[in-house]
Asker: 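I am attaching a structure below and will ask some questions about it afterwards.
These numbers were taken from a predicted model, which means no experiment stands behind them. Computed from heavy atoms alone, side chains included, the values below leave out hydrogens, waters and symmetry copies.
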Amino acid sequence: MRIALFWQICSVGAFPPIFNPIIERLVEYKDAENTVQQGFLAYPAYATPLRKRPAVIVFHAFTGRTDFDNGKARDLAKLGYVAFAADTYGKGKAASTVDGNFEIMGVLLANRTTTLRNRILSSLNYVKALPFVDENRIGSIGFCFGGLCSLDLARFNLGVKAVVSFHGTLTDYPGNGTSIDASVQAHHGDEDPHTTNADAESFLIEMRRRGGDWMFSRYAHTLHAFTLPGVENWGVAGAAFNPIASNRSWSAMEAFLAEKLL
């Protein structure tokens, strides 16, 4: 009886649960152009339509959605979020090589205001439609290319509360919007040759122009893709995993999302 009662208390979230079973599954959804996307959904078992939870969308790097992104979704679910590792490439479209994935990413970046926007929005719409999600408490995080997707979601001003970019592309969205509703947190490697410090300064100018709530962290001796274990072995010049920057940025993200969404 005591064990059953303890489990019941933990499962409804009366306090941070010691036992926090996670439900997870692959799901399919479509964008406005009818492209099939395949995401990974993970959420606490105690999330129900009567106990709606905040949600966080995870946008993948140039690799397409991988076990890395699924793992980040699981980690977020353990913190009490409904987490969704989105797919902006399309089901089964990610390439088996780095060059192949860079090509796919390049096509999407060239169509940032159309195809890529549609796939970001379809990911948001999928999450908002989940019956156990509080649609007033949705955020996003993203890595590399996914950092750009996360920041663009904020730039769309669609009611998302908080977004985070890890070593993301910081280029402003075409059209140079004048406001931003979501709170923004961005993490940047000080020695990143892909998104440079000049790019970072331009991003800060953009954030000031938009007048929103933002914070920007820069990590010493840190290259591009610093959260991706083993990236230095993928043949991508100027990219390397940095455990210190990775851990510090994730901890900062946890506090930021808890402030804005929990």
Side-chain angles (χ1 to χ4, degrees), residues 56-63 69 72 86 88 101-102 104-117 119-121 123-124 139-158 160-228 231 236-242 245-246 248-250 252-253 256-257 260:
V56 179
I57 304 167
V58 180
F59 289 106
H60 59 74
F62 69 92
T63 54
D69 309 285
K72 295 302 183 184
T88 57
N101 281 322
F102 275 137
I104 296 170
M105 180 181 71
V107 171
L108 287 173
L109 290 175
N111 294 277
R112 185 175 172 187
T113 62
T114 53
T115 302
L116 182 56
R117 178 186 173 95
R119 293 183 187 175
I120 294 170
L121 294 182
S123 301
L124 173 64
S140 68
I141 70 173
F143 303 86
C144 186
F145 164 74
L148 174 139
C149 295
S150 187
L151 292 170
D152 276 0
L153 184 55
R155 292 167 173 133
F156 297 160
N157 287 333
L158 295 174
V160 173
K161 295 301 182 185
V163 306
V164 181
S165 166
F166 296 93
H167 46 82
T169 302
L170 300 175
T171 310
D172 197 358
Y173 192 78
N176 294 323
T178 58
S179 66
I180 196 163
D181 295 338
S183 295
V184 173
Q185 184 185 77
H187 302 276
H188 172 69
D190 189 57
E191 297 180 8
D192 187 337
H194 298 278
T195 297
T196 65
N197 285 328
D199 296 327
E201 292 305 317
S202 295
F203 174 73
L204 296 178
I205 291 171
E206 176 202 348
M207 289 294 103
R208 295 182 188 113
R209 186 189 77 243
R210 290 179 182 271
D213 173 33
W214 57 270
M215 63 180 295
F216 183 85
S217 297
R218 198 185 311 244
Y219 298 88
H221 317 300
T222 301
L223 296 172
H224 188 62
F226 58 80
T227 66
L228 303 179
V231 69
V236 180
F241 177 60
N242 184 317
S246 180
R248 286 177 179 173
S249 59
W250 186 263
M253 178 219 69
F256 177 69
L257 293 182
K260 300 300 178 181

Asker: Using atom types as modelled and distance alone, determine if a side-chain donor or acceptor of Thr196 lies under 3.5 Å from a backbone N or O of Pro193.
Answerer: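 No; zero donor-acceptor contacts below 3.5 Å.
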
Asker: Under 6.0 Å between ring centres, would you say that holds for Phe62 and Phe102?
Answerer: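 When the ring centroids of Phe62 and Phe102 are compared, they turn out to be within the sub-6.0 Å range.
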
Asker: Name each donor-acceptor pair under 3.5 Å that joins a side chain in residues 213-220 to protein atoms two or more places apart or in another chain, with its distance.
Answerer:
from: Asp213; atom 1: OD2; to: Ser183; atom 2: OG; distance (Å): 2.7
from: Asp213; atom 1: OD2; to: Lys260; atom 2: NZ; distance (Å): 3.0
from: Arg218; atom 1: NH1; to: Asn197; atom 2: OD1; distance (Å): 2.8
from: Arg218; atom 1: NH2; to: Glu201; atom 2: OE2; distance (Å): 3.1
from: Tyr219; atom 1: OH; to: His187; atom 2: ND1; distance (Å): 2.8

Asker: Among residues at least two apart in sequence or on other chains, which ones pass side chain to side chain donor-acceptor pair (under 3.5 Å) with Ser123?
Answerer: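 If we apply the side chain to side chain donor-acceptor pair (under 3.5 Å) test to Ser123, skipping adjacent residues, the hits are Tyr29.
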
Asker: Can you name the residues that form a side chain to side chain donor-acceptor pair (under 3.5 Å) with Thr63, not counting sequence neighbours?
Answerer: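 Side chain to side chain donor-acceptor pair (under 3.5 Å) list for Thr63, sorted by chain: empty.
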
Asker: List for me each residue that meets side chain to side chain contact (heavy atoms under 4.5 Å, CB included) alongside Thr113, sequence neighbours excluded, and say none if there are none.
Answerer: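 Thr113 satisfies side chain to side chain contact (heavy atoms under 4.5 Å, CB included) with Tyr173, Pro174 only.
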
Asker: Can you name the residues that form a side chain to side chain contact (heavy atoms under 4.5 Å, CB included) with Ser150, not counting sequence neighbours?
Answerer: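 In terms of side chain to side chain contact (heavy atoms under 4.5 Å, CB included), with neighbours along the sequence ignored, Ser150 is linked to Phe59, Ser140, Val163.
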
Asker: About how many Å separate OG1 of Thr227 and NZ of Lys72, when rounded to the nearest 0.5 Å?
Answerer: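 Output value for this atom pair is 6.5 Å.
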
Asker: Working to the nearest 0.5 angstrom, can you tell me the gap between Leu109 CG and Ile104 CD1?
Answerer: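 Going from CG on Leu109 over to CD1 on Ile104, the span is 12.0 Å.
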
Asker: For Ala154 and Ile180, work out which heavy atoms get closest and say how close.
Answerer: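 Shortest heavy-atom separation between Ala154 and Ile180 comes out as O-CG1, 3.6 Å.
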
Asker: What residues form a side chain to side chain donor-acceptor pair (under 3.5 Å) with Thr195, not counting sequence neighbours?
Answerer: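 Side chain to side chain donor-acceptor pair (under 3.5 Å) list for Thr195, sorted by chain: empty.
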
Asker: Going by the rule side chain to side chain contact (heavy atoms under 4.5 Å, CB included), which residues pair with Ile205 if we only count those two or more places apart in sequence or in a different chain?
Answerer: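 Side chain to side chain contact (heavy atoms under 4.5 Å, CB included) check on Ile205 returns Arg208.
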
Asker: Could you tell me which residues satisfy side chain to side chain contact (heavy atoms under 4.5 Å, CB included) with Val56, sequence neighbours excluded, listed by chain and number?
Answerer: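 For Val56 the side chain to side chain contact (heavy atoms under 4.5 Å, CB included) partners, ignoring immediate neighbours, are Leu76, Tyr81, Ile141, Leu257, Leu261.
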
Asker: For His221, what residues pass the ring-ring contact (aromatic ring centres under 6.0 Å, His included) criterion, not counting sequence neighbours?
Answerer: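 Partners of His221 under the ring-ring contact (aromatic ring centres under 6.0 Å, His included) test: none.
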
Asker: Give the minimum heavy-atom separation between Asn157 and Ser179, together with the two atoms involved.
Answerer: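 Looking at all heavy atoms of both residues, the shortest contact is ND2-OG, 3.2 Å.
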
Asker: Would you kindly say whether Asp199 and Ser202 are connected by a side-chain donor-acceptor distance under 3.5 Å?
Answerer: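 Result is no, nothing qualifies.
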
Asker: If you compare all heavy atoms of His194 against all heavy atoms of Gly238, which two are closest, and at what distance to 0.1 Å?
Answerer: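 What the structure gives for the nearest pair is CD2-O, 4.0 Å.
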
Asker: Please report the closest heavy-atom contact between Ile57 and Leu124, naming both atoms and the distance.
Answerer: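 Reported closest heavy-atom pair: CD1-CA, 3.7 Å.
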
Asker: First locate atom SG of Cys149, then atom CZ of Arg112, and finally report the distance between them rounded to the nearest 0.5 Å.
Answerer: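 Answer for the SG-CZ pair, Cys149 versus Arg112, is 9.0 Å.
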
Asker: How long is the straight-line distance from CG of Leu151 back to CE of Met207, given to the nearest 0.5 Å?
Answerer: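 Reported value, rounded in 0.5 Å steps: 6.5 Å.
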
Asker: Taking all non-hydrogen atoms of both residues into account, name the closest pair between Ala186 and Phe203 and its distance.
Answerer: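 In terms of heavy atoms, the two residues are closest at CB-CE2, 3.9 Å.
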
Asker: Tell me, please, which residues at least two apart from Asn101 pass side chain to side chain donor-acceptor pair (under 3.5 Å).
Answerer: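 Side chain to side chain donor-acceptor pair (under 3.5 Å) check on Asn101 returns nothing, list empty.
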
Asker: Taking all non-hydrogen atoms of both residues into account, name the closest pair between Leu228 and Ala61 and its distance.
Answerer: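 Of all heavy-atom pairs spanning Leu228 and Ala61, the closest is CD1-CB, 4.3 Å.
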
Asker: Can you tell me how the ring of His167 sits relative to the ring of Phe143, calling it parallel under 30°, perpendicular over 60° and tilted otherwise?
Answerer: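 It falls in the tilted class, 30° to 60°.
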
Asker: Under the salt bridge (Lys or Arg N to Asp or Glu O under 4.0 Å) test, which residues partner Arg155, sequence neighbours left out?
Answerer: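 Result, salt bridge (Lys or Arg N to Asp or Glu O under 4.0 Å) vs Arg155: Asp152, Asp172, Glu206.
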
